[in-house]
Each structure stands twice: as structure tokens, then as C-alpha cells.
Amino acid sequence: MPLPLIPDYRVDSVYDLTPERLRRSGKTLVLADLDNTLARYRQKEPDQALMDWKARLNQAGITVFILSNGRKPFRSRRFAQAFQVDFISHAGKPRPRGFRAALEQTGATAEETIMIGDQIFTDIWGANRAGITSVLCRPVALDTVFRRIRYAVETPFRAACPHGEGLP
Ligand SMILES: [Mg+2]
């Protein structure tokens, strides 16, 4: 049983999740947070690098799925449609409901799934509670005072997981 607020792994960005690593650890589903994980808060559509990353994963038989706490369903829908992935917005992370719904929709088991996100108290805590491998990434941009403070509050939990160590 992992400590609920400590990520299993810590990386720079989603690009550290390569098809090779995911295949090696038996993962077929990547649940990805949207804001500050896949894109900046106001970025409406994925850029080419992100599209290429997703294409490489798909070629290896790995599905990407957006699990967002965003309260503007239109934003998640627009981004997910352009990214050509399924999504759940207003997911209620860290509660297990959204995680369970994503597994049901995709048919993947918790063991086959990995969650990547930039926040301890939603993405990491939720994944750990759901029995899903948790990966913390750096926020794409800390562009408000509130986000910088939240990032500082999370520091002890981040520090408890060595950066980049033992990646699958
Ligand atoms: Mg986020």
C-alpha cells in the first residue's frame, strides 16, 4: 500500500512516459490530467509535439485518456476533440469515482493504468487511492501566485519521491 500523498514516480513531463517504458511495465492506459500537465491553463488545443507523443503511444497499443477536474466542460471537450482522445471533466479527483468511470469506459484494469498529473492533492492522491500507478510531473507553467503557493505547499510530498528514479 503506497503512502497516499507520495507519487510512485516523478518526472519532468508527459514526454518521459515513452511507449517503451509503458509497454515494459504492462501499461495500456495513460490517464492524463489536462491543466498544467498536457497544456497550459488557457491553451485550447494540443500542440504538434503532444500530438506526436500520443501517436507514438497509440502505435504501441496504449490509450491516452483525459481525466480533468476542470469545471468548464467545453474546454475539456474542445481540447480532447482536437487531441482525439476520450475525456472526463469535473472528475472529482481525488475521489475514486472519475478513475473508476475512466477504467469502465476503456476496459482497462487499475494494474494496466498509469496516471500522470501535476498536483499531489488531486492527481496523485486520487490515483493512489484507486490503486493506479501515480506519476507526478512538473507543472507546465506556474503563472499565478495561487499556483505558486499551492506548488510550495506540495513540496514535502514531492521531495519524498526521488526525481526520475526507478521509472518503469
Ligand atoms: Mg493540473
Side-chain angles (χ1 to χ4, degrees), residues 2-17 22 27 29-47 49-51 53-54 57 62-103 105-106 110 113-161 163-164 167:
L3 289 167
L5 292 173
I6 310 294
D8 291 317
Y9 302 102
R10 195 149 65 90
V11 300
D12 284 329
S13 73
V14 292
Y15 301 115
D16 289 295
L17 298 186
L22 293 167
K27 304 300 181 192
L29 174 64
V30 175
L31 298 179
D33 171 52
L34 172 54
D35 289 314
N36 249 354
T37 295
L38 291 174
R40 284 168 171 263
Y41 271 81
R42 292 203 180 128
Q43 189 181 326
K44 293 188 169 74
E45 293 187 354
D47 56 25
L50 200 61
M51 294 298 294
W53 171 74
K54 196 209 69 158
L57 262 54
I62 298 158
T63 303
V64 178
F65 188 107
I66 293 177
L67 194 64
S68 170
N69 272 6
R71 298 201 184 107
K72 295 177 189 151
F74 181 76
R75 161 163 170 60
S76 306
R77 186 176 307 118
R78 174 168 177 182
F79 193 96
Q81 276 174 357
F83 199 28
Q84 298 173 319
V85 302
D86 288 328
F87 74 100
I88 293 175
S89 65
H90 222 327
K93 294 174 286 184
R95 290 191 291 279
R97 155 176 73 82
F99 291 88
R100 267 194 234 118
L103 297 189
Q105 272 191 45
T106 56
T113 304
I114 196 163
M115 169 82 207
I116 183 158
D118 68 301
Q119 279 187 62
I120 295 280
F121 296 105
T122 54
D123 306 313
I124 300 307
W125 191 15
N128 288 345
R129 281 172 79 176
I132 290 168
T133 304
S134 58
V135 181
L136 184 72
C137 65
R138 293 186 200 276
V140 176
L142 286 173
D143 46 7
T144 65
V145 172
F146 168 71
R147 282 173 202 141
R148 266 180 245 134
I149 292 170
R150 192 173 60 195
Y151 185 78
V153 169
E154 292 173 341
T155 294
F157 306 104
R158 202 177 301 114
C161 176
H163 186 268
L167 259 182

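All residue numbers in this chain count up from 1 along the given sequence. Numbering of ligands and ligand atoms starts at 1, following listing order.
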**Student:** List, one per line, each side-chain donor-acceptor pair under 3.5 Å for residues 88-101, sequence neighbours excluded.
**Tutor:**
from: Lys93; atom 1: NZ; to: Asp33; atom 2: OD1; distance (Å): 3.0
from: Lys93; atom 1: NZ; to: Leu67; atom 2: O; distance (Å): 2.7
from: Lys93; atom 1: NZ; to: Asp123; atom 2: OD1; distance (Å): 2.7

**Student:** Can a donor-acceptor pair be found, under 3.5 Å and without considering hydrogens, that links the side chain of Thr37 to the backbone of Leu34?
**Tutor:**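 No.
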**Student:** Can you confirm if the NZ or CZ of Arg158 lies within 45° of the ring axis of Tyr151 and under 6.0 Å from the centre of its six-membered ring?
**Tutor:**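 Checked: cation-pi criterion met.
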**Student:** Can a donor-acceptor pair be found, under 3.5 Å and without considering hydrogens, that links the side chain of Arg10 to the backbone of Leu136?
**Tutor:** no
**Student:** For Pro4 and Asn128, work out which heavy atoms get closest and say how close.
**Tutor:**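 Closest approach of Pro4 to Asn128, heavy atoms only: O-ND2, 3.0 Å.
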**Student:** Leaving waters out, which protein N, O or S atoms fall under 2.8 Å from the Mg ion (ligand 1)?
**Tutor:**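 Listed by chain and number, the atoms are Asp33 OD2, Asp35 O, Asp118 OD1.
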**Student:** When you look at Val14 and Val30, which way does the side chain to side chain contact (heavy atoms under 4.5 Å, CB included) test go after all the steps?
**Tutor:** CA-CA 10 Å; Val14 292; Val30 175; over 6 Å; no
